[in-house]
Amino acid sequence: MSDRRPRAAWRRRPGPPPAASSEQPSPAEPSVVQSTLYRDGRRVSSPTTLADTFRQLRAHPDGMAWIDLQYPTVEELHYLAAEFDLHELAVEDAMEAHQRPKLERYGDTLFVVLRAARYLDAPEEVDFGELHVFVGPDFLITVRHADAPDLSAARLRMEENPDLLALGPEAVLYAILDAVVDGYVPVVAGVQNDIDEIETEVFGGDPAVSRRIYELSREMVEFQRATRPLVGMLHALIAGFAKYGTDEELQRYLRDVADHVTHTSERVDGFRQALTDILTVNATLVTQQQNAEMRALAEAGFEQNEEIKKISSWAAILFAPTLVGTIYGMNFDTMPELHWAGGYPFAVVLMAVVCTSLYVVFKRKDWL
């Protein structure tokens, strides 16, 4: 932790807060979750407006302000930017949201984007939130664009540890990073449970499991986007310990967070690979099942075809004597061989010869 700079060395201009200026009116403040002023690691006051926060911070040069906003308006961000001289690019990112995790330094101000995650038990899905953090010499501004993460636990933890809180805004940034990374733990546990259930469903032949695998794979892509850049961000912070004179105790805490996020990132990479393998296995099992169904259908069709052959063969055999009998059953006087004495035996023999010939032909073709 570097030594605190005197306010004269900071770029924020002295004088009355912008709220008193006709050019920069104070906006309505429904998005201010909490604004707190600290001195020597202890809470001094909790101003209800941004203007009061600015005024009290000016009155206590050795203090630190933590301003927590949720779904802020453009006017509020501009108001903060004018007071704390925030870089316009960082403010623009905070306005638009939907940023990838990153760490940028603009002069004395550090701008950090984090992606928080939480596991929702009822729908069995992962919900992601976005958090932007401005860290200055004596202020810290958190801008949330979702319900997660809930920073009340991090605030309580810091207030219960005055020695750590006295290290300044960098210590609060550590607490926020730690809270975000700790929030990944139940998500990892929930995803692991989902993967175990999916494996059971895959080998159980559940036809709806493919959709579940696909949806969970998409969530793991988002999880990777949240955790993988965070590893590099923490390593960048660690690399700047010597340059910015970070307190040794705070260095230990940040290294611990870096270890946890590295472990989480590796777990997420493993989850995505496991889901890819499960999807491949599921596709193979589905293909095997389809082949078995097609084979069974083909066998059933073959058996039906054989039965049709037999029926057709016997129908043809029985049709032959019927045809002969029908012809000779026509009572016409001028019909040939009608009054011939050998006509009846001839007709019977003809029927037998035709039926026998057809039987032999069908038998040779394995129709019978």
Side-chain angles (χ1 to χ4, degrees), residues 117 119-128 186-228 266-329 347-368:
Y119 185 80
L120 304 180
D121 292 323
E124 293 186 337
E125 62 183 24
V126 182
D127 178 51
F128 295 94
V187 177
V188 169
V191 172
Q192 181 64 68
N193 184 66
D194 286 346
I195 291 178
D196 293 340
E197 292 178 355
I198 286 174
E199 289 177 342
T200 302
E201 292 173 1
V202 165
F203 292 103
D206 188 346
V209 71
S210 297
R211 181 181 182 87
R212 190 176 181 186
I213 296 173
Y214 173 74
E215 292 175 347
L216 190 57
S217 296
R218 290 186 59 184
E219 292 177 353
M220 289 305 96
V221 171
E222 289 297 320
F223 207 178
Q224 276 188 321
R225 291 174 180 172
T227 58
R228 186 173 291 175
E266 291 173 351
R267 291 290 302 277
V268 174
D269 292 343
F271 287 157
R272 189 175 180 186
Q273 183 59 48
L275 287 170
T276 301
D277 296 339
I278 291 173
L279 189 61
T280 301
V281 171
N282 182 64
T284 302
L285 293 176
V286 169
T287 302
Q288 291 177 349
Q289 182 179 1
Q290 290 177 344
N291 291 340
E293 292 175 354
M294 292 296 295
R295 185 163 51 252
L297 184 62
E299 292 175 355
F302 178 78
E303 293 177 357
Q304 291 178 352
N305 190 40
E306 292 299 314
E307 294 298 326
I308 291 174
K309 288 180 181 179
K310 292 179 181 180
I311 294 173
S312 300
S313 300
W314 285 113
I317 292 173
L318 295 176
F319 176 73
T322 301
L323 177 63
V324 175
T326 301
I327 294 175
Y328 281 93
V348 173
V349 171
L350 179 60
M351 293 179 188
V353 169
V354 173
C355 291
T356 302
S357 300
L358 289 175
Y359 180 82
V360 171
V361 171
F362 292 143
K363 193 67 175 179
R364 288 180 176 179
K365 292 181 175 292
D366 292 331
W367 283 29
L368 293 174

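We use all heavy atoms of the structure for the numbers below, so side chains are in, but hydrogens, waters and symmetry mates are not. Model, not experiment: these values are computed from the prediction. Note that the numbering runs from 1 along the sequence shown for the chain.
Under the side chain to side chain donor-acceptor pair (under 3.5 Å) criterion, Arg364 pairs with no residue at all, not counting sequence neighbours. When the side chain to side chain contact (heavy atoms under 4.5 Å, CB included) test is applied to Glu197, the partners found at least two apart in sequence or on another chain are Glu124, Asn193, Asp194, Arg212. For Glu125, there are no side chain to side chain donor-acceptor pair (under 3.5 Å) partners two or more places apart in sequence or in a different chain. Scanning for salt bridge (charged side-chain N to carboxylate O under 4.0 Å, His left out) contacts around Glu215 gives Arg211, with sequence neighbours left out. Residues satisfying the side chain to side chain contact (heavy atoms under 4.5 Å, CB included) test with Phe128, not counting sequence neighbours, are Arg115, Ala117, Val126, Glu222, Phe223. In this view, Arg228 and Gln224, Ser265, Asp269 satisfy the side chain to side chain contact (heavy atoms under 4.5 Å, CB included) rule, not counting sequence neighbours. With sequence neighbours excluded, the residues satisfying side chain to side chain contact (heavy atoms under 4.5 Å, CB included) with Asp127 are Arg118, Leu120. Applying the side chain to side chain donor-acceptor pair (under 3.5 Å) criterion to Asp196, with sequence neighbours excluded, gives Gln192.
Among residue pairs with one or both ends in residues 288-299, none qualify as salt bridge (charged side-chain N to carboxylate O under 4.0 Å, His left out); sequence neighbours excluded.
Taking OG1 from Thr227 and CD from Glu266, the interatomic distance works out to 10.5 Å, rounded to the nearest 0.5 Å. Ile278 contributes atom CD1, which lies 6.0 Å from atom CD1 of Ile198 (distance to the nearest 0.5 angstrom). Going from atom CG of Leu279 over to atom OG1 of Thr284 covers 9.5 Å, rounded to the nearest 0.5 Å. Atom CE of residue Met294 and atom OG1 of residue Thr287 lie 12.5 Å apart, to the nearest 0.5 angstrom.
Scanning both residues, Thr356 and Ala352, for their nearest heavy atoms gives OG1-O, 2.7 Å. The nearest pair of heavy atoms linking Val191 to Phe271 is CG1-CD1, 3.6 Å.
Residues Arg272 and Leu275 fail the side-chain proximity criterion, which asks for heavy atoms closer than 4.5 Å. Using a 4.5 Å cut-off on side-chain heavy atoms (C-beta onward), Val221 and Ser217 make no contact.
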